[in-house]
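The structure appears right after this line, and notes come after that.
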2 protein chains.
Amino acid sequence: MATLGDLERTVMDLLWTTPEAMTANELRDAIAEAPSGEVGRELAVTTVLTVLSRLEKKGLVTRERDSRPHRYMSVTSREDHTAELMHEVLVTAPDREAVLARFIGSVSDAEAQTLRKLLGGS
Amino acid sequence: MATLGDLERTVMDLLWTTPEAMTANELRDAIAEAPSGEVGRELAVTTVLTVLSRLEKKGLVTRERDSRPHRYMSVTSREDHTAELMHEVLVTAPDREAVLARFIGSVSDAEAQTLRKLLGGS
DNA sequence: AATGTTCTTCTACACATCGTAGAACATGTG
DNA sequence: CACATGTTCTACGATGTGTAGAAGAACATT
C-alpha cells in the first residue's frame, strides 16, 4: 500500500494542483512559499530530487527525461489516486457490503446526494 | 494515519474474526495454525505481546487488565475500522465529489446495487 | 577542446516504525 | 517462600522517509 510521508505528500499536492509539469527547482520554490505548510521550508534541490525519485519508483510520478531540466508530473490525478486508495482499503475487508453501509453513514448529506445522483439510473 | 504492518494486520484479523477476547497465548497459537499466512509461524509470546501493546497505543485494541492472563479485543469492528479508513482517505482530497465519482466507477455492480439500496430513501 | 554552470545520480545519515525476542519484573499458587 | 506463568522493558535489525553533500553528466561559451 503506497502510503506517503509528509514531504512526499506536499510534493504530490503541488504536482496535482499545478497544470504543467514542474522542474525540481520550481518545486523547491513552490515548497518554500508553501501556503499549506505554514513554515516556509528552504529545502535543498537534491532533497526534492530524492523525493521525486522515490515517488517515481512508487509509480506516482513520471518525468520527461529528454528536456534538460527534467520536468516532473503526476501519473494520475489526485481524484483517481484517492479513489483508488479508497478501493484498496475497501477490498481489505471480507464483508464489503457492511463496510459500505458504515461508510455511507460517515459521509455528509451533500456527498450522499452526489452518490445518489451518480448511481441514479440502472 | 494508522497503517498496519503485516503482523499487526494478522493479529487484528484474528481479533476481528474471533468472537471472544483472546489472550496473547491464544493468539500465538492461532497465528501458528494460521490458514491465512501459508507458513505456520512459531512466534514467541513476547512478540505477540509487543504487537498488542503497539496496537493498543494506536487505539485499535483494548484489554481487560484485571483478568489475569489479560484478554485482548479489538476496539472497533473490522467494518467500522475499514469504513473509517476509507473516509480518512476521502477527506484528503479537496474535490470529494470527483473522488466519489471515480470511486463508484471502481466498485462492482453488486456493490453499486448495495449502495443504491442504502442510499435509497430521502 | 577546455572550462564553468547547471542538473542528476550516488551515497549517507538520522529518525521512526515494525518484526522479533531475551531479560527483568510482577503476580498468583502450593 | 519458591515456583510457574504472565507482563513490561530493552534491544537489535530491517525498511521507509527527510535531509543533503559529493560525485558524475551534459550543456554553453570562449
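Reminder, nothing fancy here: chain letters follow the sequence lines and each chain counts from 1.
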**Item:** CG/B/Asp109: more than 12 non-hydrogen atoms of other groups inside 6.0 Å
**Value:** no
**Request:** Starting at atom CD of B/Glu56, determine the distance to atom P of C/dT17, rounded to an integer number of angstrom.
**Result:** 17 Å
**Message:** What is the distance, to the nearest angstrom, from the CG atom on B/Leu55 to the P atom on C/dG19?
**Reply:** 9 Å
**Message:** Quick check on C/dC7: is either OP1 or OP2 less than 4.0 Å from any side-chain nitrogen or oxygen of A/Arg28?
**Reply:** no
**Fill in**
Note: for B/His70 and B/Arg54 on DNA chain D, the residue whose nearest nucleotide lies more 5' is B/His70
**Prompt:** Rounded to the nearest Å, what distance is computed from the CD atom of residue B/Glu8 to the C1' atom of nucleotide C/dA16?
**Reply:** 13 Å
**Distance, rounded to the nearest Å, where B/Lys57 contributes NZ and C/dT17 contributes C1'** = 10 Å
**Interatomic distance, A/Glu42 CD vs D/dG21 P [rounded to whole Å]** = 13 Å
**Message:** Can you measure B/Asp6 atom CG to D/dG16 atom C1' for me and round it to whole angstrom units?
**Reply:** 14 Å
**Prompt:** Between C/dC18 and B/Arg9, is there an OP1 or OP2 to side-chain N/O distance shorter than 4.0 Å?
**Reply:** no
**Complete:** With the side chain defined as heavy atoms from C-beta on, B/Pro69 is closest, among C/dA23, D/dG6, C/dG19, to D/dG6
**Asked** Thinking salt bridges, do A/Arg54 and A/Glu8 make one under a 4.0 Å N-O criterion?
**Response** no
**Complete:** The nucleotide from D/dT19, C/dT20, D/dT8 with an atom nearest the side chain of B/Arg41 is C/dT20
**Message:** Just to verify, which of B/Val75, B/Leu60, B/Leu52 counts as forming a side-chain contact (heavy atoms from CB on, under 4.5 Å) with B/Leu15?
**Reply:** B/Leu52
**Prompt:** Side-chain N or O of A/Thr47 less than 4.0 angstrom from OP1 or OP2 on D/dA20?
**Reply:** yes
**Message:** Can you see if the side chain of A/Lys58 gets near the phosphate of D/dT17 - specifically, an N or O under 4.0 Å from OP1 or OP2?
**Reply:** yes
**Request:** May I ask you to say what A/Leu4 touches in the nucleic acid, namely base, sugar-phosphate or nothing, with a heavy-atom cut-off under 4.0 Å?
**Result:** nothing
**Whole angstrom value for the distance that separates P of D/dA22 from CG of A/Leu49** = 17 Å
**Prompt:** Could you state the CG-P distance from A/Leu52 to C/dC7, rounded to the nearest angstrom?
**Reply:** 14 Å
**Item:** Test item: B/His81 and B/Trp16 side chains (from C-beta on) under 4.5 Å apart, heavy atoms
**Value:** yes
**Prompt:** Side chains of A/Val51 and A/Thr10: closer than 4.5 Å at any heavy-atom pair?
**Reply:** no
**Message:** Strictly below 4.0 Å: does B/Arg68 bring a side-chain N or O up to OP1 or OP2 of D/dA4?
**Reply:** no
**Fill in**
Comparing A/Asp66 with A/Leu7, nearest DNA chain D nucleotide closer to 5' gives the residue A/Leu7
**Fill in**
Picking from C/dG19, C/dT20, D/dA20, the nucleotide nearest the side-chain atoms of A/Ala44 would be D/dA20
**Item:** 4.5 Å side-chain heavy-atom contact, B/Val99 and A/Arg78
**Value:** no
**Message:** What contact category does A/Thr50 fall into here, base, sugar-phosphate, or nothing, at under 4.0 angstrom with non-hydrogen atoms?
**Reply:** base
**Message:** Does a side-chain N or O of B/Arg65 approach OP1 or OP2 of D/dT8 to a distance below 4.0 Å, or not?
**Reply:** yes
